[in-house]
Amino acid sequence: LLGGGDLDEESWTDVEDTLLLADLGAATTAEIVEKLRGEIVTRGVRNPEQARALLREVLVEALHPAMPRAVRALPHGDPANGGKPAVVLVVGVNGTGKTTTTGKLARVLVADGRTVLLGAADTFRAAAAEQLATWGSRVGAEVVRGNEGADPAAVAFDAVKRGVVAGVDTVLVDTAGRLHTKTGLMDELGKVKRVVEKQAEVDEVLLVLDATTGQNGLTQARVFSEVVDVTGIVLTKLDGTAKGGIVFQVQRELGVPVKLVGLGEGPDDLAPFEPGAFVDALLG
Amino acid sequence: MFDTLSDRLTSVLQNLRGKGRLSDADIDATCREIRIALLEADVALPVVKSFIAGIKERAKGSEVSQALNPAQQVVKIVNEELVNILGGETRRLNLAKNPPTVIMLAGLQGAGKTTLAGKLAKWLRGQGHAPLLVACDLQRPNAVTQLQVVGERAGVTVFAPEPGNGVGDPVDVARRGIEEARRAQHDVVVVDTAGRLGVDEEMMRQAADIRTAVQPDEVLFVVDAMIGQDAVTTAEAFRDGVGFTGVVLTKLDGDARGGAALSVREVTGQPIMFASNGEKLEDFDVFHPDRMASRILGM
Ligand SMILES: Nc1nc2c(ncn2[C@@H]2O[C@H](COP(=O)(O)OP(=O)(O)OP(=O)(O)O)[C@@H](O)[C@H]2O)c(=O)[nH]1
Ligand SMILES: Nc1nc2c(ncn2[C@@H]2O[C@H](COP(=O)(O)OP(=O)(O)OP(=O)(O)O)[C@@H](O)[C@H]2O)c(=O)[nH]1
Ligand SMILES: [K+]
Ligand SMILES: [Mg+2]
Ligand SMILES: [Mg+2]
């Protein structure tokens, strides 16, 4: 990339290809390239190394590195003395890694000395509650579940209620995967959130995006945000070859940061999102 | 913004009516719009490039320059070429001469393999077969339970001798699954495997070992229709690591354009055989190349 010689048209094509192959999309790629051209002129960049460093800078900047990325998962007051637990809702389309992320996040909190309760509000997918229960016993968190086909809002309500009574620090609610195009299922998700809010404030709504997702990721983010007001993105499966470049558009349009990344299937494969490291991997 | 490629090309070419030939500039402008439309549909960049080169060639020919409406003619050509690549005729499943027929599923994590196992089982049962589902994902938490539930819903037997969650050898279960099918006279075996990444060498070797153990008549690569540019890398990794004979596109009930269909077909040469379009077991259809072409173009 930008190697060997002047910045000829071929180098520009390489830059463009790198960005397109990372799923930034045609429009965002064009914008980044335009920005880079401008910066190269104003800063009088002479060689490919400088240009490469500048590209990195432009990309990191486009990810708004100053956005706050901490996950709000700490309780309000002391739960042992009437304080309320933090409530985190985990949402997204089918198969992105919601249940796994819920388990991993519980692991981080438990390792930090917190008590965590998991709500299995996916009452639809075959063995979804069992999957979450396995995660619960793996990481040391209690699980509240309903029967198969039960109303997910009722299960979520029960989980948060139980969390309040038990005085846990954090309640993580796993929800069923649903395509954003299914209005009935999206209404159901809105109801899950509203019902939970009768018990306690929802501190985070994490939208789980799969890094392999292409341009559809933006549409997913838009619709989920309209329905449940997403507060953070989790970008999963970054351990594969996919770069996850759709988050450039998602962050910008939603004004909501990527907070966490998934780097594998194990309990410890969750990390904070770091714009610099993300861009380095993208430019690979 | 224009919604469809057709609208976009019409706007680019609106002044061309009655002009004799398209100028090179006209053709370039046209191809730029097609390129953007394909990229927005998540068609992989190398595939877009070769596709555009082909379209450019045809757009220079008389079928476009002499058309009353060049824009419509270009759209027609793009559509034809897409259907061509996607594969004109749908291929049927290869059935073994000496049953059981073995169908192995492979793909990335969360693509829809286990759900597809249930769909295939139900569909095959409806055609008079007696399928057996074999639970070879012994890794993902409760993948075995999931397959058992799905099998129950489909009304078919599930062979699950190992509990999973890290316990048991998937290659061994696969081998025993075939023996069980022979013993209990199942004429089709569907082998569900764990999701794996193309870069995970150990897991890819395991998939190859399962393949060697069961000698499948079909290996179906299951891919999420929402996948972006990674489709090519991943399809190549599964082609080289396991080898597959057909493709199944899942989650087509969403609004993703599904350019991956084009990418995977073009890069691996393997046909797309089925479309999965919902979470329920009946949400399943044979693949229709013409519908997919219109979908990719947004028409
Ligand atoms: N390689 C990799 N695999 C992951 C990651 N996160 C999740 N997975 C895998 O992806 C698959 C789907 O994960 P789940 O957590 O079940 O996804 P989900 O969003 O809960 O799925 P549904 O509830 O069915 O919508 C599983 O095989 C996980 O092990 C990750 O960061 N990297
Ligand atoms: N909307 C929709 N959801 C689907 C479709 N196929 C599968 N799913 C859902 O996608 C999620 C993942 O499906 P699975 O069948 O568990 O995927 P998998 O490939 O077996 O996943 P791993 O075993 O974890 O790799 C589940 O929520 C399914 O219900 C489909 O065609 N449409
Ligand atoms: K990656
Ligand atoms: Mg789940
Ligand atoms: Mg599975």
Side-chain angles (χ1 to χ4, degrees), chain A residues 16-27 29-30 93-100 103 124-135 137-138 148 176-182 185 210-217 219-220 223 236-237 239-246 262 264-265, chain B residues 35-46 48-49 108-112 114-115 118 139-153 165 194-200 223-234 237 250-251 253-260 278-279:
Chain A
E16 197 184 72
D17 286 3
T18 303
L19 302 182
L20 288 172
L21 287 171
D23 288 313
L24 270 79
T29 294
V93 301
N94 306 86
T96 53
K98 293 174 292 300
T99 306
T100 307
F124 181 77
R125 227 260 339 259
E130 286 83 354
Q131 185 189 357
L132 191 69
T134 298
W135 272 103
S137 60
R138 207 183 250 190
E148 191 181 299
R178 67 199 77 222
L179 291 178
H180 53 286
T181 48
K182 313 237 157 144
L185 295 178
D210 182 329
T212 59
T213 309
Q215 301 307 298
N216 194 248
T219 321
Q220 292 169 27
V223 180
T236 59
K237 309 185 194 174
D239 46 325
T241 40
K243 308 287 192 181
I246 190 64
E265 300 183 73
Chain B
R35 177 184 151 92
I36 291 173
L38 294 176
L39 286 171
E40 281 179 358
D42 290 317
V43 178
L45 183 60
V48 172
K49 286 186 174 178
L108 292 177
Q109 288 91 346
T114 306
T115 308
Q139 181 165 316
R140 168 186 167 158
N142 298 82
V144 172
T145 334
Q146 185 190 359
L147 191 70
Q148 282 166 330
V149 172
V150 155
E152 194 177 306
R153 287 180 190 168
N165 292 357
R196 64 200 77 223
L197 297 171
V199 284
D200 189 336
V223 62
D224 187 323
M226 294 179 277
I227 194 173
Q229 296 291 323
D230 192 50
V232 167
T233 317
T234 292
T250 62
K251 308 181 197 173
D253 45 325
D255 59 359
R257 287 279 161 78
E279 295 192 71

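Below, chains carry the letters A, B, ... as their sequence lines are ordered, and counting in each starts from 1. Only heavy atoms go into these numbers, but all of them, side chains included; no hydrogens, no water, no symmetry mates.
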Legend entry - chain B contact via A:Lys243 - which portion, at a heavy-atom distance below 4.5 Å: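 Neither part; nothing is under 4.5 Å.
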Inset, instruction - Check each atom of A:Thr219 against the heavy atoms of chain B and say whether the ones under 4.5 Å are side chain, backbone, both or neither. - result: side chain
Legend entry - Max heavy-atom pair count under 4.5 Å with chain A, selected residue of B:Leu147, B:Thr145, B:Asp253, B:Asp200: B:Asp253
Legend entry - Contact leader toward chain A among B:Thr234, B:Asp230, B:Thr250, B:Asn165, where contacts are heavy-atom pairs under 4.5 Å: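 Highest number of pairs under 4.5 Å: B:Asp230.
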Inset, instruction - Taking the side chain as every heavy atom from C-beta outward, state whether B:Leu197 and A:Thr241 have any pair of such atoms under 4.5 Å apart. - result: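 When only atoms from C-beta onward are counted, A:Thr241 and B:Leu197 do not touch, as no gap falls below 4.5 Å.
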Inset, instruction - Would you check, one step at a time, whether the test side-chain contact (heavy atoms from CB on, under 4.5 Å) holds for B:Asp224 with A:Thr212? - result: CA-CA 9 Å; B:Asp224 187 323; A:Thr212 59; over 6 Å; no
Inset, instruction - Would you check, one step at a time, whether the test side-chain contact (heavy atoms from CB on, under 4.5 Å) holds for A:Arg125 with B:Gln146? - result: CA-CA 8 Å; A:Arg125 227 260 339 259; B:Gln146 185 190 359; 3.5 Å; yes
For the residue pair [X] and [Y], what are the closest heavy atoms and their distance?
{"X": "A:Thr134", "Y": "B:Pro141", "result": "CG2-CB, 3.9 Å"}
{"X": "B:Asp42", "Y": "A:Gly214", "result": "OD1-CA, 3.4 Å"}
{"X": "B:Glu279", "Y": "A:Leu185", "result": "OE2-CD1, 4.4 Å"}
{"X": "B:Asp255", "Y": "A:His180", "result": "OD1-NE2, 2.8 Å"}
{"X": "A:Gln215", "Y": "B:Leu39", "result": "CG-O, 4.0 Å"}
{"X": "A:Leu179", "Y": "B:Met226", "result": "CD2-CE, 3.9 Å"}

Legend entry - Rounded distance (nearest 0.5 Å) linking atom CD of B:Gln109 with atom CD of A:Glu265: 4.0 Å
Legend entry - From CD (B:Gln229) to CD1 (A:Ile246), nearest 0.5 Å: 10.5 Å
Legend entry - chain A contact via B:Thr233 - side chain, backbone, both or neither, heavy atoms under 4.5 Å: side chain
Inset, instruction - Select, from A:Thr96, A:Asp210, A:Asp239, the one with the greatest count of heavy-atom pairs under 4.5 Å involving chain B. - result: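 It is A:Asp239.
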Legend entry - From CA spacing to verdict: side-chain hydrogen bond (donor to acceptor under 3.5 Å, both in side chains), A:Gln131, B:Arg140: CA-CA 8 Å; A:Gln131 185 189 357; B:Arg140 168 186 167 158; 3.2 Å; yes
Legend entry - Pair A:Asp17 + B:Lys49: basic N to acidic O under 4.0 Å: yes
